[in-house]
Amino acid sequence: MSLLPSSSSAGFLRGLEINEAISQSFQSLKQLKHIHGALLRKNYDQDNYFISIVLRSALNFGDLCYARLVFHQSREPNVNLWNTMIRGLISNDRFSEAVDFFRLMRKEGILPNNFTLPFVLKACSRVTNAGVGVSAHCLGLKIGLDGDVFTNSALVCFYAKCGFLNDAQKVFGEASDKKNVVSWTAMITGHVEHGRFREAIHMFWGFLGAGLRPDSLTIIKVLSACIRLGDVRSGEWIYDYLTENNLRENVFVNTSLVDMFSKFGNMEKARDVFDMMPEKDLVSWSTMIQGYAFNGLPLEALDMFSRMRQDNLTPDCYVIVGVLNACARLGALEAGERASKMIDRDLFLENPIVGTALINLYMKCGCVIRAWEVFMEMRVKDKVVWNAVISGLAMSGHAMLAFSLFGQVEKIGLKPDGNMFMGLLCACTHAGLVNEGRRYFEGMVRIYSLLHTVEHYGCMVDLLSRAGCLDEAHRLIVGMPVEPNAVIWGALLNGCRLHRNIQLAETALKEMILLETWNSSNYVQLSNLYSVSQRWDDAASVRSKMNIEGIQKLRGCSWIEVDGVVHEFLVGDETHPSTKDIYSKLKELSKYLKEAGYVPTTEYVLFNIEEEEKEQSLSWHSEKLAVAFGLISTAPTAVIRVVKNLRVCGDCHEAMKLISKITGREIIIRDNNRFHSFTNGFCSCNDYW
DNA sequence: GTAGGGTTAG
């Protein structure tokens, strides 16, 4: 088969025909080599134009050895051939070889042209070979390439990417006639990537002031600066600007906007942007799911996930991490496990982020052993993985295991961080180990040079308060270098409730009211406290203050998962489709409870419920609605899993024990990360007050 | 044949 004309044809015609044969895109490397062979046979082996075509194709196929062979065949490679080789190496991610090739080119005495430096500078910025980049810059100045727009932009990009922002600014500022969207974006990106978010946003204003129109890259970068800085005002202004200027077509831009609004906690706006997107991809869905999960809207996250599935999209590990977080928050074990089966198990073992999400799910659902199994199987374990297990063990009451894991962390040479000490302090709290807690709290600063955060103080106050060291806890709060928050005072209050210290409880509640003026439960508790102390006037004034400020009491709410489906209940809820059955089951339960000798108690001091509501709340609390629903559900093997966001109060505890005994079903209630498992009249919770 | 090449996770 003759692919090429014979060399006896006229040169011009010959060139055209060969060009035609060689310009076709090659289907395979084999075909390319075949044509290359024909070229050699016809004595075109020194024609740099043909060589460059073969070279480019070889590089496109990624056969670098072959490309080098072809290149070195040329006895006098011209600058085009050198450029082709450097560019090809870059497109194959061989940046340092590209830099070496440039060096070789200089050694051979070849001068670069306007195409060369942009390639070389790109390679230098990728391997941060500042030396070669800077000498390329000097060479460019010497031979007058600094007037070229592309070379100039490439220089700005090079300096910005290497972190030499002042030099980037210098090259950028000196070339006012060569500034374009690429060099502006390079400056903005450089600032963002080196943590100078405020400057990045400032540059963006300058960019707009110069009358230029941003493209998707510019927008994404400046939005990421707004997100990192938490600059809601600039973010929203940019959002309006994009809307007014029809710049909301690009899926990356829209996804960044969704991400921005969810990071700012504005899920309504995030949803708005998401719903309006002309095109959605897996990342957009994943951003939305994570946004809901992160902002404490786990049911919405799961709803998004099921919509995504209806759209026939297959989840990736980002999506699954979001879903697992939502499930962990809900305690929705079955739903979480089902989602986890949608991606390759190896991802859990090799990707520490994905593995951590699964460990958290199991830990939050009280399945310590399964969490442990995942941990043991994981092949890549970083600090956060260890933290997840240590905190999980701590919250499940396995303090000693948590301590011994901490010992292993030190052995394998990982440096503990503040989060790890949170886990350890939490373990101490759950096991009531006051001395160990004091030691870790003090040691994290003395031995590991870490700083105490508000959270560490919170944990320590909790530990001391529960153990009855109320004065020490109070002193710790008063001596804090940062302002104590409501959680810290709440921990002290909790201790006061346990150890019946009404005086300190009053102090704590007053502080909490100052910090959380909107939170009804603080007022209710303070008023209850005054009532039991028979300080009726004080009680009345708290009530009237609450009324004057129009503070509404939050309704108790709980979720239950039965066979992987999550249901939500509010106190006195009547909106569930099975309401009638649920209430009739509740009536039946109440009858059984009465017969079993259960009398609701109303005299608990400092409960977070109004006095007159106590009896009703205790008998008709949303947990019981959920339990009743679990009992009437037809699922034959369903474990009733009630996940509450309120405290499991003492009275309800007794009721649950009886319900489990009467019905023979297992009931699991989660309360502030503690699990209460009721089976056959017993509770396996180790930390019940 | 040239410069920035992108949004999401614990």
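It should be emphasised that the depicted structure is a prediction, and the values quoted were computed from it without experimental measurement.
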- Message: In this structure, is the centre-to-centre distance between the rings of A:F406 and A:W386 below 6.0 Å?
- Response: no
- Here the gap from A:N246 atom CG to A:E249 atom CD, rounded to the nearest 0.5 Å, amounts to 7.5 Å
- Query: What nucleotide, of B:dG10, B:dT2, B:dA3, holds the atom closest to the side chain of A:N114?
  - Reply: B:dT2
- Tell me which nucleotide among B:dA9, B:dG4, B:dG1 gets nearest to the side chain of A:F115. B:dG1
- Item | For atom CE of A:M187 and atom P of B:dA3, their distance in whole Å | 19 Å
- Among B:dG4, B:dT8, B:dG10, which is the nearest nucleotide to the side chain of A:D382? B:dG10
- Note on the structure: note: A:M260, atom CE; B:dT8, atom P; distance rounded to Å ~ 13 Å
- Could you tell me the separation between the CG atom of A:L155 and the P atom of B:dG4, rounded to a whole number of Å? 12 Å
- Between atom CD in A:E193 and atom C1' in B:dG4, what is the gap in whole Å? 10 Å
- Are A:Y318 and B:dT8 stacked, counting the six-membered base ring, centres under 5.5 Å, planes under 30°? yes
- Task: May I ask you to verify whether the side chain of A:S256 and the base of B:dT7 hold a donor-acceptor pair under 3.5 Å?
- Result: no
- Task: Under 4.0 Å between any heavy atoms, over every strand shown, what does A:K263 touch: base, sugar-phosphate, or nothing? Just pick one.
- Result: sugar-phosphate
- Query: Of the nucleotides B:dA3, B:dA9, B:dT7, which one has an atom closest to the side chain of A:V354?
  - Reply: B:dA9
- In whole Å, what is the span from the CG atom of A:N351 to the C1' atom of B:dT8? 13 Å
- Message: Under a 3.5 Å distance rule, please check whether A:H194 uses its side chain to pair with a backbone N or O of A:G190 as donor and acceptor.
- Response: yes
- Item | Proximity of A:F71 and A:W82 rings by center, below 6.0 Å | yes
- Message: Ring centres under 6.0 Å, that's the criterion: do A:F274 and A:W285 meet it?
- Response: yes
- Query: Of the nucleotides B:dG10, B:dG4, B:dA3, which one has an atom closest to the side chain of A:V321?
  - Reply: B:dG10
- Task: Rounded to the nearest angstrom, tell me the gap between atom CZ in A:R87 and atom P in B:dT2.
- Result: 6 Å
- Message: Over all strands shown, is A:T255 touching base, sugar-phosphate only, or nothing at heavy-atom distances under 4.0 angstrom?
- Response: base
- Donor-acceptor pair under 3.5 Å, A:N180 side chain vs B:dA3 base: yes
- Item | B:dG10 OP1/OP2 closer than 4.0 Å to side-chain N/O of A:K381 | no
- Looking at every strand, decide which applies to A:V385 at a 4.0 Å heavy-atom threshold: base, sugar-phosphate, or nothing. base
- Remember a base hit wins even if backbone is also touched, and classify A:T84 as base, sugar-phosphate or nothing at under 4.0 Å, heavy atoms. base
- Message: Any donor-acceptor pair, under 3.5 Å, between the side chain of A:S286 and the base of B:dT8, if you only look at N and O atoms?
- Response: yes
- From the list B:dA3, B:dT8, B:dT7, which nucleotide is the closest neighbour of the side chain of A:F119? B:dA3
- Message: In this structure, is the centre-to-centre distance between the rings of A:Y159 and A:H137 below 6.0 Å?
- Response: yes
- Ignoring hydrogens and angles, are the base of B:dA3 and the side chain of A:N152 linked by a donor-acceptor pair under 3.5 Å? no
- Starting at CZ of A:F274 and ending at C1' of B:dT8, how long is that distance when rounded to a whole Å? 12 Å
- Message: Without decimals, in angstroms, what is the distance between A:I289 CD1 and B:dT7 C1'?
- Response: 15 Å
- Message: Tell me whether the side-chain N/O atoms of A:K179 come closer than 4.0 Å to OP1 or OP2 in B:dA3.
- Response: no
- Shortest side-chain distance from A:P118, nucleotide among B:dA9, B:dA3, B:dT7: B:dA3
- Picking from B:dG5, B:dT7, B:dA3, the nucleotide nearest the side-chain atoms of A:V283 would be B:dT7
- Message: So, does A:R126 get its side chain near the phosphate of B:dG5, meaning an N or O under 4.0 Å from OP1 or OP2?
- Response: yes
- Task: Go through the N and O atoms of the side chain of A:N387 and the base of B:dG10, and report whether any donor-acceptor pair is under 3.5 Å.
- Result: no
- Query: Should A:K122 be listed as having a side-chain N or O under 4.0 Å from OP1 or OP2 of B:dG4?
  - Reply: yes
- Query: What do you reckon, are the aromatic ring centroids of A:F150 and A:F115 less than 6.0 Å apart?
  - Reply: no
